[in-house]
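Predicted model only: the values in this text are computed from it and were never measured.
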Amino acid sequence: MKLEDLITSDNIILNLKGQNQTEVIDEMVQKLSENLIVTDAVAFKEAVWKREKEISTAIGDGIAIPHAQSEAVKKPAIIVGRTLVGVDYGGEHTHLIFMIAAPKNASNDHLTLLSKLSTFLISENFRAKLLIARDEEDILTAIKEQEKRQEVTLTDSTDNGKYLVGITGCMTGIAHTYMAAEALKAAATKRGMKAKIQTNGANGAENVLTPADVNQADAIVLAHDVQVDTTVFKGKRFVDVPVKKAINEADQLLDLALSYQIKSNDSVPVEEYSIEETKEESKLDFYKHIMSGVSYMLPFVVVGGIFIAISFMFGIYAADPNSDQYNVFAHFFSQVGGEAAFALMVPVLAGYIGYSISSKQALAPAMIGGMMATIGGSGFLGGMVAGFLAGFATKYVAKMMVKIPRAFQGLVSVLITPLISTLIVGAFMFFILNTPMSMLNVFLEGWLSGLTGTNALILGAILAGMMASDMGGPINKTASAFGLAMFAANIFEPSAALMVGGMVPPLGIALATTFFKNRFTEQEREAGKASYVLGASFITEGAIPFAAADPMRVIPANIIGSAIGGAICMGLNISLKAPHGGIFVIPIAANKPLLYIACILLGSIITCLIIGFLKKPLTEEEQKVASETMSIF
């Protein structure tokens, strides 16, 4: 049985109407019910939500995989849902949702096939192909091609003599279990290592590790959300993390696991492993913690910016009760956006940085520190410091409280640890950080507000060029973080330049596929049509398949077009009070909407012309080769 037997065109929703997680789940379950896959929609929906409450099935990178086994399911099926605008799903901004429906007593073959799809989603290019698909047939074709590609990849292997072993296991054992295993194996394969990963899935333990495997291992990784048997690792140290961490950070975990390994005659008791891992974990990945805070903060930024922009539509002073322009609706939007949403931005940023480091015990100290940053004037940067300080302070205080009698541990977690951590963070913010940081912010805000001429052009070019350079990667996210910091300080010009940098690449490529058709394969030209919609929606990922197929021409064209559009945008003092949303927010959130659209179009045209100049017309043979190259992504 192939995956195409489980995914049919009837079970693909190209444009989800749901605006949030609840509505999306309702819509997809209803579709399964209409297609007679599910006999009791209410019962299956309850099973899906039960799984969501255990651990969110949002896995990052715009993907969610809600799944459940239920007696209400007649036969195994996968329903695919796509939303170009995106929805908040479990705290993650999500575009692609794969809902897996499995019968209560599904056969092992069915569960294995259901799990296979989840491993495909490790590929960034596969995800991008789904985003730019123009119809249901494109979705099915992408899945079939990825299945063939994986079968070929599995036959290829190299061996540098090193060996990775591990165990993965998620709550239901259907999706995340196999995604984590696939990510770890892919990380090992890139280094020429052999890998054997035991999957504790719905079928039971598969690919079971033996003592001989463990004795030969140079690296051991456990990625699980459920209890697993670790006795086979006696005498070996291992990395022990949640499943999502293995999916998103397999390379880093493999580095850590390789550094952990010791000789078998230097045995370390199993009980010490988790302590060592906690020590290491507390030291790494500042970037991940920052992005965690930013992802939770972003909805407050977007909502606040749009509401403030709506308020200004009634008049510049319409929200002021003492002004002749006063309008009660303008006051309402200004209060919700400016006094409520914007006031929460920095505390939420700090809170979820702390939460990422040290779970819920750090939430109160970090959010209080973030609020002190807002009150004291240290703003976005102060909030980031407060989040990190609260996270690591909470981790240290909790460690000091381990020896307190078990009867008092509940009191420790809800009172003593947050209280001491808040004292540390509050004192640091009040006596040490706020004054110098607020002075730095005043200087930076004054400098940015006064940028004119060449300086503004340079900054706009840098920000937009960074956005276009790796299309969602670390350079892109660094530029986004800077823009959000300025947004929190009520400086809105960088946000405008950043959105130019995010919209130009897919729009420029789309134009190139239209006006320079002989430079592209038929498949690329069809994908270019979807890139118009993705670019207009500020979804830069629409450019990824083209950049992957021809990086030396497409990426420079993206950067140059975006940089020119961003430079002119900053030079014209265009501001944008909503840092996301594309064409849908420009009319209400940009101070000069027509000029702003002109900047985006200019950058897109330049990208189009550069691509058209650099790419040569394809011969029939080159068309065939290019199509095959494109098809593997």
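For Lys615 (side chain) and Ala512 (main-chain N/O), no donor-acceptor pair under 3.5 Å exists by modelled atom type. Using modelled atom types, no side-chain atom of Arg134 and backbone atom of Glu526 make a donor-acceptor pair closer than 3.5 Å. A donor-acceptor pair under 3.5 Å is formed between the side chain of Glu27 and the backbone N or O of Gly18. A donor-acceptor pair under 3.5 Å is formed between the side chain of Ser562 and the backbone N or O of Asn558. With Ser575 contributing its side chain and Glu493 its backbone, the two residues share no donor-acceptor pair below 3.5 Å. Side-chain N or O atoms of Arg82 include one that pairs as donor or acceptor with a backbone N or O of Ala133 at under 3.5 Å.
Residue pairs meeting the side chain to side chain donor-acceptor pair (under 3.5 Å) criterion with at least one member in residues 374-390, sequence neighbours excluded, are Ser378-Asn434. Listed by first and then second residue, the side chain to side chain donor-acceptor pair (under 3.5 Å) pairs that reach into residues 502-514 are Thr514-Tyr532, sequence neighbours excluded.
Using modelled atom types and a 3.5 Å distance limit, the side chains of Glu52 and Thr57 yield a donor-acceptor pair.
Applying the 6.0 Å contact sphere to CD of Gln19 captures no more than 12 heavy atoms from other residues, nucleotides or ligands. For Tyr596, the OH atom sits in a packed shell: over 12 heavy atoms of surrounding residues, nucleotides or ligands are nearer than 6.0 Å.
How far NE2 of His95 is from CG of Leu131: 6.5 Å, rounded to the nearest 0.5 Å.
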Asp135 vs Lys529, salt bridge (charged side-chain N to carboxylate O under 4.0 Å, His left out): CA-CA, chis, key distance, verdict:
CA-CA 11 Å; Asp135 55 29; Lys529 295 175 183 177; over 6 Å; no
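With sequence neighbours left out, the salt bridge (charged side-chain N to carboxylate O under 4.0 Å, His left out) criterion links Asp88 to no other residue.
The aromatic rings of Phe520 and Phe546 stand perpendicular to each other, their planes meeting at an angle above 60°, with 30° marking the opposite boundary.
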